[in-house]
Amino acid sequence: LQKVPKTPDVTRRLFATLWGNLPLRWKGLAVIAVPLLPLAVVVLLVTSAVSQQREANASVARALVVKAEIAALAHLFSSADTGIRGYLLTRTPHHLELVNEARLGLAAPLQHLTVLLTDLEQREHLARVLELSQQRPITELLEFAERNDVNTPVPDEILTASARVMREIHAELAAMQRREDVVIAERVALAQEAENRLVTASLGGLAVGAIASLALTLAFTHGVARRIAVVRSDAVRLAAGHPITTPGEGQPQDEVGQLAQALSDASALLQHRQHEVDTRVRELEDARGELSQFFDLSLDLLCIAGFDGRFRRVNRACEAVLGWTSEELVGVPFISLVHPDDVAATNAEAERLVAGQTTLAFENRYRCRGSGYRWLSWKAMGDPSRQLIYAAARDVTIEKQLKLQQSERLAELAALNAAADRANRAKSDFISRMSHDFRTPLNAILGFAQVLASDPLTEAQKESVQLIQRGGEHLLQLINEVLDIARIEAGQLSLSVEPVDVSEVVQHAVELIAPLAEARNIAVTADYSGGTGRAVLADRQRLNQLLMNLLSNAVKYNRHGGRISINFEEVNERLRIHLADTGRGIAPEKLGLLFKPFERLGAEATGIEGTGLGLTFSRALAEAMGGAILVTSEVGRGSTFSVELARTVRPAAAGRDAEQDVPYVETSAAAGTVLYIEDNPSNVRLMHRIVQRRRGVILRHAPTGMHGIAAAAEFQPGLILLDLHLPDISGEEVLRRLHEDATLRQIPVAVLTADATSEQARRLRSLGAIAYLTKPLDIAKVLRLLDAALGQHDAALLTQRETGEPT
Amino acid sequence: MTAVTREHEDTVHFLKNQLSIILGFAALLAEQVEDGSPLRADIEEIEKAAQAALGHLSGLLSPQEQPDQR
């Protein structure tokens with residue numbers, strides 16, 4: 001069977017809701033007010049009853065007064081009747097006095113009754129009494145009395161009539177009395193009834209009030225107390241940290257309900273907070289666990305010390321580095337482990353930490369278990385609020401030792417550097433002197449040899465001159481190579497490294513070597529397939545020089561009728577130019593000496609010319625361009641020299657100079673004055689000998705710069721030949737002054753020097769030099785210059801050719 | 001100044017050899033021309049220049065001791 005749910009009593013629920021939601025103060029007021037309601041009713045009833053009783057009593061009292069007045073009237077009427085009759089019988093005056101007194105006395109009660117009587121019937125009775133008292137028997141009787149005629153008897157009919165009237169009066173008065181008695185009886189009954197009702201209402205009201213009060217009080221106190229008990233229980237549970245039940249829907253919303261709800265909310269909040277706290281605690285515990293692990297895992301020494309200077313906690317790194325266990329260190333003053341020499345500084349640092357400052361890098365030595373100290377570098381922070389010092393340290397003992405060793409090494413290096421500097425200075429000095437001083441006499445040797453060679457000579461003389469010339473050229477080549485090697489080693493060689501089309505440069509070198517190879521019947525073959533369209537990073541001119549060195553060797557050391565094969569090979573990001581010859585080859589044990597300066601591996605005994613510096617220079621040059629020279633050789637089959645350079649993708653435009661030989665011609669085409677500013681007599685004499693080849697040319701000589709400027713102004717020469725090294729002012733200064741003088745500016749100036757750099761050449765060009773000739777002088781070039789400047793030739797072409805990179 | 005390297009010494013040695021060769025052929029050439037020949041002055045210039053070069057070579061090995069040769 002299915003239970004049918006009871007239909008909720010809507011009224012009861014509504015009342016419960018209203019009552020439950022009623023604030024306690026209103027509920028208390030209701031507990032007090034509800035019992036007062038019956039009491040109020042009782043009071044009303046009592047008041048009403050009392051009022052009725054009072055009214056009844058007042059009516060009774062008035063009735064009694066009326067009765068008294070009626071009785072007074074009756075008495076007065078009786079007295080008057082008696083007096084008159086007595087007088088009439090006795091004729092004694094005092095009876096008349098009674099009658100008069102009675103007549104006088106009637107006015108008051110009558111007036112009184114007129115006021116008191118409200119009942120119509122009673123008023124009619126009173127009016128009847130008054131009317132009867134005014135009737136004839138009475139008035140006639142009174143007239144007999146007033147006449148005081150003792151002799152005349154009063155007729156009986158008057159007496160009888162008056163007696164009848166008097167009876168009627170008394171009857172009326174008696175009726176009035178009775179009426180009042182009835183009134184009194186009614187009022188007394190009413191008073192009694194009101195009294196009874198008063199008693200009943202009082203008792204009933206009290207009973208109802210008391211019962212209602214008790215019931216409400218019990219209901220109120222029972223409900224509130226029960227709920228307060230629940231709230232108290234919840235509060236106790238809450239205080240104990242236990243969760244409490246949440247009030248359901250429809251719970252009373254009075255103060256207790258609100259308190260219960262507040263407690264519930266507080267409980268929920270506390271639970272939420274507790275959850276948060278639990279979460280934070282877990283996180284903190286996790287973090288603490290992690291920190292603890294890191295604390296122990298740290299490779300650095302970590303420790304916590306109190307402001308009393310004693311270790312509180314140390315990590316395992318402290319144990320590992322210092323050798324002491326954690327138990328041995330905790331509680332020990334850290335200063336007791338510090339090296340005696342570091343104690344003062346450590347104490348000073350500790351005072352800073354106690355003051356709340358931070359140590360970023362402080363080093364001291366700590367004693368280890370057994371013996372010895374370790375250098376520790378500290379970073380620490382003092383926390384005055386906790387009275388703790390947090391410190392981290394790193395074992396820098398090895399670094400300290402390394403620094404010590406490093407400082408010793410640095411001292412050694414400084415000594416080595418000083419020696420190297422001295423060597424470099426010596427090398428620089430060597431370069432300078434070779435360049436400055438040695439080319440000048442070489443200029444004279446080669447110059448005069450060329451002059452001699454142009455003179456008519458015997459065969460023996462010609463051979464000697466040729467040998468002198470060849471020796472001079474050999475010497476010049478050697479000096480140039482030595483200087484280049486020295487410049488490379490000193491980092492002073494100016495290189496213009498750029499993408500260079502490798503096959504084009506090789507082809508150019510092959511073309512240049514072809515006559516020499518042909519003269520020795522040596523075939524030169526080149527496979528350009530591996531190099532076509534490929535570029536390397538190199539200085540075009542120097543790469544050509546390097547290839548010419550190697551090809552020259554390949555020709556010189558080849559067998560007659562031999563072969564030179566050239567091909568290319570890509571190796572990673574580099575390109576190799578292989579130059580293979582069919583010479584005698586080089587023994588493996590001699591390959592190591594191949595690049596040694598002046599080491600010719602016995603070739604000097606074969607009559608093959610060479611300085612022994614070519615390969616040394618070539619390798620230095622290749623390395624200066626970021627490349628290398630490799631060599632493989634097989635005795636009896638030949639050698640292969642490979643130039644290896646870095647590949648690149650953007651070949652530069654070909655900058656190949658168009659060689660155009662200007663023939664050496666002995667002619668008188670040039671004419672004019674040439675001023676030679678030069679201090680060296682041999683050079684001056686050589687120039688005289690050269691100029692003698694141009695009969696129309698007059699050579700003027702100035703030994704100093706100042707003389708030169710003056711001579712230029714005096715002779716206005718067609719060409720000035722200017723040496724850079726002069727005893728008074730430099731040739732560069734002479735050039736500047738000539739350029740600044742408007743009268744001299746137009747005179748072409750050619751610079752002759754034994755040494756110069758490309759930078760210097762550019763600077764001289766900017767000062768107006770039209771040509772730049774290096775010593776030793778090539779006589780043919782000098783003559784071409786004279787012809788160009790003083791003859792019909794265009795000097796511009798000469799200028800372009802002669803102002804290249806000085807060698 | 002003692003930092004003159006072995007290479008410098010080799011260089012100087014080689015240059016001296018070459019200058020000796022030049023001086024030798026210059027001397028031979030001088031013997032081949034007659035006294036009063038205009039060629040003799042040129043030959044003497046060559047010899048003088050070669051001797052000057054030899055002097056400079058000596059200076060290269062002890063550079064501080066050499067005067068300015070300009």
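Here is how names work: the chains are called A, B, and so on, in the same order as the sequence lines, proteins then strands, and each is numbered from 1.
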**Message:** I need the residue from A:Asn443, A:Thr458, A:Val465, A:Leu475 with the largest number of non-hydrogen atom pairs under 4.5 Å to chain B.
**Reply:**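 Sorted descending by pairs with chain B, the first entry is A:Leu475.
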**Request:** Answer yes or no: is there a side-chain heavy-atom contact under 4.5 Å between A:Leu457 and B:Leu29?
**Result:**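 They are not in side-chain contact.
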**Message:** Nearest 0.5 angstrom please: B:Leu28 CG to A:Leu467 CG, how far?
**Reply:**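 Output value for this atom pair is 8.5 Å.
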**Prompt:** Side chain, backbone, both or neither: which part of A:Leu446 has an atom under 4.5 Å from a heavy atom of chain B?
**Reply:**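 No part of it gets close to chain B.
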**Message:** Between B:Ile21 and chain A, with a heavy-atom cut-off of 4.5 Å, which part of the residue counts as in contact: side chain, backbone, both or neither?
**Reply:**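 Nothing of B:Ile21, per the 4.5 Å heavy-atom cut-off to chain A.
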**Message:** Quick check on the interface: out of B:Val33, B:Asp42, B:Ile46, who has the most heavy-atom pairs with chain A under 4.5 Å?
**Reply:**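 Among B:Val33, B:Asp42, B:Ile46, the one with the most close pairs to chain A is B:Asp42.
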**Request:** Check each of A:Asp723, A:Leu735, A:Leu722 against A:Ile677 using the side chain to side chain contact (heavy atoms under 4.5 Å, CB included) test, and report the only one that passes.
**Result:**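 The option that passes is A:Leu722.
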**Exam field: side chain A:Arg693 to backbone A:Val451, donor-acceptor pair closer than 3.5 Å** =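 Side chain of A:Arg693 to backbone of A:Val451: a pair is present.
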